2 protein chains.
Amino acid sequence: MTTLVEVAQAAGVTAATVSNVLRNRGKVGEETRRRVLAAVEALGYRPNLMARALVEGKPHTMALVVSSIANPFYPEFALEVERAARKLGYFLLVCNTNDDPAQERAYLDAVGGALAQGVIVMNADFVQLDALQDLRRRGVPVVLCMWERPQEPPPLPCVAVDLYQAGVLAAEHLLRLGHRRLGAVSGSEPSGNHKWRLQGFIDTLHKADVDLPQTHIRFGHDTIDEGRNAAHSLLAGVPGLTAVFATNDLPALGVLQAAAELGMEVPRDLSVIGVTDIQLAHQMRPALSTVAMPTAEAASLAVQLLQSEIKAEPDRPLPMLVTEPPKLVVRGSTGKPRADR
Amino acid sequence: MTTLVEVAQAAGVTAATVSNVLRNRGKVGEETRRRVLAAVEALGYRPNLMARALVEGKPHTMALVVSSIANPFYPEFALEVERAARKLGYFLLVCNTNDDPAQERAYLDAVGGALAQGVIVMNADFVQLDALQDLRRRGVPVVLCMWERPQEPPPLPCVAVDLYQAGVLAAEHLLRLGHRRLGAVSGSEPSGNHKWRLQGFIDTLHKADVDLPQTHIRFGHDTIDEGRNAAHSLLAGVPGLTAVFATNDLPALGVLQAAAELGMEVPRDLSVIGVTDIQLAHQMRPALSTVAMPTAEAASLAVQLLQSEIKAEPDRPLPMLVTEPPKLVVRGSTGKPRADR
DNA sequence: TTGAAAGCGCTACCAC
DNA sequence: GTGGTAGCGCTTTCAA
C-alpha cells in the first residue's frame with residue numbers, strides 16, 4: 001500500500017505538504033501541487049481512511065441497523081438513507097441483525113467502538129430500547145427511525161411517522177366505498193408496533209358505527225406467507241367479508257393471493273388495502289391499494305437528525321422529527337362491494 | 001469516549017496489560033485480569049476499531065459492491081455474504097452503486113483506501129472489468145462474483161456459476177412437457193450477461209429440432225415491469241406461444257402478470273419459467289417454476305475466495321471457484337401445453 | 001507477569 | 001509556502 005510519506009518522497013516534499021494538497025488546505029505553491037498530484041497519480045495513492053478517521057476522531061460512516069434485509073421495505077429504505085448520508089459525505093454501513101439480539105449487540109458494540117459515528121436503528125417489535133439508551137449514554141449518537149406514534153414518543157431521538165393515521169385513511173377509504181363487513185390482518189403481534197395502525201382503523205370504523213370484533217382480526221408477522229395464511233383463516237372463519245385491511249403491504253399481498261386461491265375476484269369479491277407502498281405494491285396485479293409512508297422523507301430526516309446528534313450537546317432534550325402524514329394511494333385492489341352483499 | 005489508557009489508569013495497570021487481557025494474549029495474572037475486566041465494565045469501554053485497524057494494518061471489514069439493492073436478488077445474496085463474512089470475523093460493508101459508475105468508483109477508491117480489506121463485486125452488465133483490474137494491481141483483493149460462464153473466465157479472481165446450464169435445464173423441462181412453440185424474454189441486452197443463459201436455451205431447443213427465431217425473443221432489463229412489457233409485445237407479436245423462458249425471475253413474474261392481463265391461464269394457456277429462485281418465486285401465485293442458482297454457496301465461496309486473496313501472494317494465477325450447477329425447481333407456472341395447440 | 005516505548009498513516013499546529 | 005513534529009488509540013516487541 002502506498003503511503004503519504006512515499007508520495008512525499010516521490011514528489012520531493014514532506015508529508016504535511018502532500019496532505020495540504022489533498023485536503024485543499026490553502027498554502028500550496030502551484031508547481032508543488034502539480035508535482036504532488038503527479039506522484040499521487042503515478043503511485044496510485046489512496047489515503048488510508050482508518051488513519052484519517054483516527055486522527056480526525058471520526059470515521060465518515062453512519063450505520064443503519066435493520067432487522068431483516070430480506071423484507072423488501074428495508075432495502076428500499078436503506079437506499080434512501082444511503083443517498084442522504086452520501087450527500088453529507090458519509091458512507092453507510094448496513095447492519096443486518098436477522099432479528100437476532102446477539103447480532104444486534106455485536107453491531108452496536110462495533111458502533112460504540114467507533115466503527116461509525118452514529119447509528120440509525122429501524123424501529124421494530126424486537127428493538128431493545130434500553131440497550132439503545134445505554135449506548136446513547138455512553139456517548140454514541142443514536143436515532144430511532146419509523147416510530148409510529150408521535151403522540152407517545154420513545155426515550156430516544158427519533159423520526160416518527162403518524163401511522164395511526166394510516167389506519168384512519170384505510171378505514172375511511174373502505175367506508176367511503178361502502179364496505180361494512182371488514183376484517184384485518186396485522187403484521188405484528190397485538191402489542192407490537194402495528195397496534196397503532198390497527199387502532200386507527202378500528203377507531204375510525206367505530207365512529208361510523210361499524211364494528212370490528214376480535215374475531216375479524218388475525219395477528220402474525222410481516223410476510224406474504226403469513227398474510228396468506230391469516231387471510232385463509234379469516235375468510236374461512238368469517239363469511240361475507242367484503243374488505244380486508246392489512247397493516248402492511250407484504251401481508252396484504254398474501255391476502256390477495258389467498259383471495260385468488262379461493263376463487264375470489266379482487267376487488268369485486270374482496271377489497272384489500274395495505275400500508276407502506278413498497279415497490280411490489282404497484283408491480284403486482286391487481287396493483288395494491290395502500291397507504292403510502294413517506295419513506296424517502298423519513299430516511300432523509302433520520303440522517304439529518306443523526307448528524308445533528310453527532311454535533312449536539314450531550315444533554316439537550318430529546319428531539320423528535322415528524323414526517324408528513326402518510327397518504328392514501330388507490331389502485332386496483334379496492335372497489336365497491338357487490339350490491340348483493 | 002473511553003480509551004485504553006483510561007481503563008488502564010482505572011485498573012492501576014498500563015495500556016499494554018489491558019490490551020493483553022482483551023486479546024487474551026496469555027501472560028496476565030488472574031487478579032490483574034479481574035481488575036482490568038472490572039474497569040472495562042465500569043467505564044463501558046469499547047476498543048476503537050479504527051485504531052486497531054490502523055495498527056494491525058487491516059480493518060476487519062469486507063465490502064460487497066452491488067448495482068442495485070432494489071433488485072430483491074441482491075439483498076438475499078447480501079444476507080448470505082454477510083453471514084459467511086461474519087463467520088470469519090469480518091463486518092460487511094454493503095456498497096450500493098445504483099448502476100452509477102461514479103459511485104462505484106467512489107466506493108472502490110474507499111476500499112483502496114483501506115475502508116475494507118477486500119471487495120466482492122457482483123457481476124453485472126455494467127461492471128468495469130478494467131477498473132477492477134487496476135484496483136487489483138494496486139494490491140486490493142478483488143473477487144468477481146456470479147460470473148456466468150466458467151468456460152470463459154474473466155481476468156479476475158471469480159466465483160462462477162454455469163448459467164448456460166440454466167438455459168439448458170429450462171429448455172429441457174419445457175421440451176419434456178411437450179412445448180414446441182416457445183418464446184424468450186431476456187433481462188439483459190443481447191450482449192449482456194444473460195446471453196449465456198439464453199444461448200443454453202436456444203442450443204438445447206435446436207438439438208431437439210425446435211427453432212427459436214429472433215422474433216420470439218425480447219430484450220430488456222431485469223425488472224418485473226420490463227418483463228411484463230416484453231411479454232405483452234411477445235404475446236401480441238407471436239400468436240400461439242405455449243411457453244416463455246425468462247432469463248431471470250423478475251421478468252418471469254412480469255410475464256406471469258401479462259398473461260393474467262391477457263386472460264391467459266397459467267400454466268394451461270402459457271407456461272413460464274425463470275432463473276434464480278428468489279424468494280418471490282415461491283411466494284407468488286401461481287408459484288414460479290425456475291432454475292435455482294446456488295446463491296448461498298456462491299456467497300460463501302466468494303467470501304472464502306476473498307479471504308484467500310487477502311492472504312495470497314500477489315502473482316499467483318487467477319483463481320476461479322465454480323459452484324454446483326443450477327437446479328430445476330418445478331412449481332405451478334409450468335405444465336403441458338393444451339392438446340389443441 | 002507487567003511496563004516502557006515504538007510505531008501504524010495521517011492531520012494539524014507552529015516554526016521557518 | 002513548506003517542513004518538522006506531536007499525537008489520534010491501539011498492538012507489539014523487548015526489558016525489567
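Everything quoted here is computed from the prediction, not taken from an experiment. Chain letters run A, B, ... following the sequence lines, proteins first and then strands; every chain starts at 1.
Few gaps surround CZ on A:Arg35; more than 12 heavy atoms of other groups in view lie less than 6.0 Å from it. Residue A:Glu152 qualifies as enclosed at atom CD: its count of foreign heavy atoms under 6.0 Å is above 12. With a 6.0 Å radius and a threshold of 12 heavy atoms from other residues, nucleotides or ligands, A:Arg138 has its CZ atom above the threshold.
In this structure, the CG atom of A:Asn48 is 13 Å from the C1' atom of C:dT11, given to the nearest Å. Straight-line distance from the CG atom of B:Leu49 to the C1' atom of C:dC8: 15 Å, rounded to whole Å. At whole-Å resolution of the value, CG in A:Asn20 and P in C:dC14 are 14 Å apart. Look at CG on B:Leu115: it is 14 Å from P on C:dC10, rounded to the nearest Å. In this structure, B:Met50 places its CE atom 16 Å from C1' of C:dT11, rounding to the nearest Å. Atoms CG (B:Leu4) and C1' (C:dA4) sit 15 Å apart, rounded to a whole Å. Rounded to a whole Å, the CE atom of A:Met1 is 7 Å from the C1' atom of C:dG9. Atom P of nucleotide C:dG9 and atom CD of A:Gln9 are separated by 12 Å, given to the nearest angstrom.
For the pair B:Gln103 (side chain) and B:Asn96 (backbone), a donor-acceptor distance under 3.5 Å is present. A side-chain donor-acceptor contact under 3.5 Å links A:Thr2 to the backbone of A:Leu43.
Among the heavy atoms of the strands, none lies under 4.0 Å from A:Gly57.
Listed pair A:Arg25 / C:dT11 fails the phosphate criterion, with no side-chain N or O lying under 4.0 Å from OP1 or OP2. Within the 4.0 Å cut-off from OP1 or OP2 of C:dT11, at least one side-chain nitrogen or oxygen of A:Ser19 is found.
Of all nucleotides in DNA chain D, those with any atom nearer than 4.0 Å to a heavy atom of chain A start and finish, going 5' to 3', at D:dG1 to D:dG9.
In terms of position on DNA chain C, the residue among B:Arg35 and B:Glu56 whose nearest nucleotide sits closer to the 5' end is B:Arg35.
The listed nucleotides are C:dG9, C:dG3, C:dC8; the one nearest the side chain of B:Val55 is C:dC8.
A:Asn24 and A:Arg33 share a side-chain donor-acceptor pair at under 3.5 Å.
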Q: Mind running side chain to side chain contact (heavy atoms under 4.5 Å, CB included) on B:Glu41 and B:Leu37 for me, showing each step along the way?
A: CA-CA 6 Å; B:Glu41 186 62 30; B:Leu37 257 18; over 6 Å; no
